[in-house]
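Numbers restart at 1 for each chain; the letters A, B, ... are given by sequence-line order, proteins then strands.
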Number of protein chains: 2
Amino acid sequence: MAQKNRLQYIVLGLLNIESRTGYDLTKAFDSDIGEFWSANHSQIYPLLKKMEQENLISHHEVQVGTKLVKKSYDIMSDGKKIFNDWLEEPSEIDSSHDEFILKLYFIDDKKPELLEKMVAEQLSARSDKLEHLNQQMRDKFPDQDKRQTQYGHYCVLKHAISRETDYIEWLKTI
Amino acid sequence: MAQKNRLQYIVLGLLNIESRTGYDLTKAFDSDIGEFWSANHSQIYPLLKKMEQENLISHHEVQVGTKLVKKSYDIMSDGKKIFNDWLEEPSEIDSSHDEFILKLYFIDDKKPELLEKMVAEQLSARSDKLEHLNQQMRDKFPDQDKRQTQYGHYCVLKHAISRETDYIEWLKTI
DNA sequence: TATGAACATGTAAATAAATACATGTTTTTG
DNA sequence: CAAAAACATGTATTTATTTACATGTTCATA
């Protein structure tokens, strides 16, 4: 997909925590969320405008100093609805951006049963994937021989397996 | 970046191994490379056309059955040059797509000193990143308290740390 | 109190990527 | 041998993302 509007969900999730400016939202991608998703301010400001037109969010103005008026955005009921719907949908395993992690970031302690369902679902999907990767390893690199002539391929597959294994171990700690 | 033309390097890397059709190239993203990068055939066919115009690749025709004529693409010297130059450049840590892994995939046994340099470089960058993540953990979640009220944030950071640790361990095995 | 860093908000242009549209051939298999 | 699956190659449209352009304010600090 051209990434099914996931940035919109991130914005909603962040505004669901607290009111923020476009600048605040942009900064969120420098730390936490930046580990799993990226966005520029030039993507965020137009998106905020669009989302406000669609009544998902609104803004109030905050006076700073003598001249500057910040726009602080707030989530509205329509926004809350589509955000919560997104949380309940299954997450795609995408190998680049990680949708599950995003949802996890926004899960709060009020939804333990949703968290449990999400983790179980992801655990199942990731286990299937690991199984598939192990099968590939058995098929493509059964002996030392090909591991040397196609060393790059072997390393990459080994890393994919290592990554999935680590992911699954981490899932089990949630 | 709008991903600095990395798809072009992947195509060059694959054609550097052997002559392939657009369909073959597309399929490569279903397995191995698909673990770390994605592309659709609608991206690949126009790119092949463009790269041929730029003399990076050429094609020869292969008759299949009675009617079908496949186009099989071959890398040319200009293509080889820019591919090898890319291999030598430092790889960005991007948190979504993984450029280092891509390069590793294409490294062959003829370049052990380049491999060594690449791994050392990546090890250094990843270690710095892990250090930074650990610092964040110490700053944001010093005690059990905040780990519970911001459980999602905590999990995500923990996963980033786990991921980097696993990455570094894997790097050491190369 | 100057000055640089960080805050703050936008738009424009270019590139990258996904989805949908379109069409036809070859191979496998029931 | 019919049908389905896989092979094969494109284009068009929409969406997503990056880089660059553009401008101004506030805050910390030397």
In whole angstroms, the gap separating P of C/dA14 from CG of B/N5 amounts to 16 Å
Sugar-phosphate, base or nothing in reach of A/T66, heavy atoms under 4.0 Å = sugar-phosphate
Return the value, rounded to whole Å, for the distance between atom CD of A/E61 and atom P of D/dT25.
-> 16 Å
Lys/Arg N to Asp/Glu carboxylate O, B/E169 vs B/K172, below 4.0 Å | yes
note: A/R20, atom CZ; C/dC7, atom C1'; distance rounded to Å ~ 16 Å
For D/dA8, does OP1 or OP2 lie under 4.0 Å from any side-chain N or O of B/K27?
-> no
Which comes earlier along DNA chain D counting from the 5' end, the contact point of A/A39 or that of B/Q43, where each point is its nearest nucleotide?
-> B/Q43
Between D/dT17, D/dT25, D/dT11, which nucleotide has the shortest distance from any of its atoms to the side chain of A/H97?
-> D/dT17
Nearest-angstrom distance from the residue atom OH of B/Y9 to C1' of C/dA16 = 15 Å
Could you give the NZ-to-C1' distance, from B/K71 to C/dT25, as a whole number of Å?
-> 16 Å
What is the distance, rounded to the nearest whole Å, between atom CG of B/D24 and atom C1' of D/dC7?
-> 10 Å
Could you check how far CG of B/N40 sits from P of D/dA16, rounded to whole Å?
-> 15 Å
Between B/Y73 and A/S42, the residue closer to the 5' end of DNA chain D by nearest nucleotide is B/Y73
Does A/K4 pair with A/E99 as a salt bridge, N-O distance under 4.0 Å?
-> no
Choosing from D/dT26, D/dT11, C/dT9, which nucleotide comes nearest the side chain of A/K70?
-> C/dT9
Indicate yes or no: does A/R138 engage A/E131 in a salt bridge with an N to O separation below 4.0 Å.
-> yes
Nearest whole angstrom, please: distance from the P of C/dT19 to the CD of A/E92.
-> 8 Å
side-chain N/O B/Y23 vs D/dT9 OP1/OP2, d < 4.0 Å | no
Check every atom of D/dT26, C/dG10, C/dT9 against the side chain of A/K49 and return the nucleotide holding the closest atom.
-> C/dG10
Nearest-neighbour nucleotide for the A/K67 side chain, C/dT27, D/dT9, D/dT26 considered = D/dT26
Within the structure, does a side-chain N or O atom of A/K4 lie under 4.0 Å from either OP1 or OP2 of D/dT15?
-> no
May I ask you to check whether B/T21 and B/K70 show a side-chain donor-acceptor distance below 3.5 Å?
-> no
Do A/H153 and B/D32 have a side chain donor and acceptor closer than 3.5 Å?
-> no
Listed nucleotide nearest any side-chain atom of B/H41, set C/dT27, C/dT11, C/dA20 = C/dA20
May I ask you to evaluate whether B/T26 reaches the phosphate of D/dA8, defined as a side-chain N or O under 4.0 Å from OP1 or OP2?
-> no
